[in-house]
Amino acid sequence: MFNNHHVKLAIAPIGWTNDDLPELGGEVTFEQCISEMALAGFSGSEVGNKYPRKTEILKKALSLRGLEIASAWFSTFLTSKPFEETAKAFIEHRDFLHEMGAKVIVVSEQGNSIQGKMEVPLFENKPVFTEEEWAGLLDGLERLGDLAAEKNMRIVYHHHMGTGIQTTEEIDRLMKETDPEKVSLLYDTGHLVFSGEDFLHVLNTHMNRIHHVHLKDVRIDVANKVREGKLSFLQAVKDGVFTVPGDGVIDFKPVFEALDAARYEGWFVVEAEQDPALANPFEYALKARQYIREISGV
Ligand SMILES: O=C1C[C@@H](O)[C@H](O)[C@@H](O)C1=O
Ligand SMILES: [Co+2]
């Protein structure tokens, strides 16, 4: 698979040190994290909370290990704050990523999001945008897309549990009502399966909009427990709802086959936040690397 089209494999630092739950992996250093990524056979990374923000320092540390920056998360507040506030922070983030050589910027709307709220049950409380909020989101994303284009970059929208863009219907509307030239999609297997969506249907429906892929697997017994026990997103993560590809219920073979057939080009990012004290991040990185090689040749 993936002959003659350019794909690269990265891993996110979130399995070593978790930005949403900084106590997970608090003791793990930046150097340990990126050294283990390289040793496990990855060629890229996203940006975590321990990464130096000075581009020369970050570039040197990564290039010593043969790593590149694939992208980094950016929280938008287009439904809850004036556009200018999001735009100002976005431009700084865009310029940092551009300097690091990334081509895509991960964005996710956090207006009314419950993803960071430890005590708020996930399935009962996700926000549902009003028409006014939809209008602010759609317009704001296109304007961020224009700002990204100034640097020859794209925004890739991250659908996410506990936010206003989580379900198939919400993703469909977002894609239908934004300009494909300005707003692309990040496809995250783990969030779709946790939400109960048909992940292959979403992939095939929006294939031509997908310009970044997060490979996340799901422990379905934990997902069911979270739904039934009315737990929050952060409790789910602590309890191990996510794991690396090859360790959960998702069959990634059809995902790779469909992306290969569509001649997808860009990054695949293994992203499996779980407690590093329970799931050794280096061991799980190796496990993911081997599984992906076996089923896709990447
Ligand atoms: O891409 C992601 C970034 C994280 O901060 C987030 O919570 C995680 O679930 C994810 O998919
Ligand atoms: Co993700």
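Every number for a ligand or one of its atoms is a count from 1 in the order of the listing.
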| task | Specify whether Phe233 and His191 have parallel, tilted or perpendicular ring planes, treating 30° as the upper limit for parallel and 60° as the lower limit for perpendicular. | result |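 Parallel, since the angle between the ring planes stays under 30°.
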| Enclosure of Lys59 NZ (heavy-atom neighbours >12, cutoff 6.0 Å) |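 Atom NZ in Lys59 is packed in, count exceeds 12.
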| field | Atom CD of Glu132 with >12 non-hydrogen neighbours under 6.0 angstrom | value |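 Check fails, neighbour count at 12 or below.
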Element-labelled atoms of ligand 1 that are located less than 4.0 Å from some non-hydrogen atom of [X]:
X	answer
Lys216	8 (C), 9 (O), 10 (C), 11 (O)
Trp73	1 (O), 2 (C), 3 (C)
His191	8 (C), 9 (O), 10 (C), 11 (O)
Gln115	7 (O)
Glu271	1 (O), 2 (C), 3 (C), 10 (C), 11 (O)
His214	1 (O)

| query | Are Arg219 and Phe242 in a cation-pi setup, meaning NZ or CZ lies under 6.0 angstrom from the ring centre and within 45 degrees of the ring axis? | reply |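 No; the conditions do not both hold, so Arg219 does not lie above the ring face of Phe242.
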| Lys50 to Phe30, cation-pi by 6.0 Å centre distance and 45° axis angle |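 No - Lys50 does not lie over the ring of Phe30 by the 6.0 Å and 45° rule.
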| query | Can you get from Phe77 to Leu138 by hopping between Ile, Leu, Val, Met, Phe, Trp and Tyr side chains that sit under 4.5 Å apart? | reply |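 Result: no, two separate clusters.
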| query | Just how far is it from atom OG1 of Thr29 to atom CH2 of Trp16, taken to the nearest 0.5 Å? | reply |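 Going from OG1 on Thr29 over to CH2 on Trp16, the span is 12.0 Å.
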| said: Could you check whether any side-chain N or O of Ser195 sits under 3.5 Å from a backbone N or O of Leu192, counting only pairs where one atom can act as donor and the other as acceptor? | reply: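 Such a contact is absent between Ser195 side chain and Leu192 backbone.
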| query | So, Asp20 side chain and Gly116 main chain: donor-acceptor pair closer than 3.5 Å or not? | reply |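 No; judged by distance alone, with no hydrogens or angles, the pair does not exist.
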| said: Counting only heavy atoms, tell me which of Ile14, Asp188, Asp20, Asn49 gets closest to atom 7 (O) of ligand 1. | reply: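 Heavy atom nearest to atom 7 (O) of ligand 1 belongs to Asp20.
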| query | In the protein, which heavy atom is nearest to atom 6 (C) of ligand 1, and how far is it? | reply |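 Protein heavy atom with the smallest distance to atom 6 (C) of ligand 1: His160 NE2, 3.1 Å.
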| field | Closest approach of any protein heavy atom to atom 8 (C) of ligand 1, naming residue and atom | value |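 For this ligand atom, the closest protein heavy atom is Glu273 OE2, 3.0 Å.
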| query | Which one holds for Phe233 and ligand 1: side chain close, backbone close, both close, or neither close, with close meaning a heavy atom under 4.0 Å? | reply |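 The part of Phe233 near ligand 1 is the side chain, not the backbone.
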| query | Do Glu142 and Lys182 pass the salt bridge (Lys or Arg N to Asp or Glu O under 4.0 Å) test, and can you show the C-alpha distance, the side-chain angles, and the key distance before you say yes or no? | reply | CA-CA 5 Å; Glu142 291 194 342; Lys182 300 184 182 198; 5.0 Å; no
| message | If I only include protein atoms of type N, O or S, how many are less than 2.8 Å from the Co ion (ligand 2)? | response |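 Total protein N/O/S atoms under 2.8 Å from the Co ion (ligand 2): 4.
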| Residue of the set Gln115, Gln166, Glu170 for which side-chain hydrogen bond (donor to acceptor under 3.5 Å, both in side chains) holds with Lys126 |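 When Gln115, Gln166, Glu170 are each tested with Lys126, the side-chain hydrogen bond (donor to acceptor under 3.5 Å, both in side chains) holds only for Glu170.
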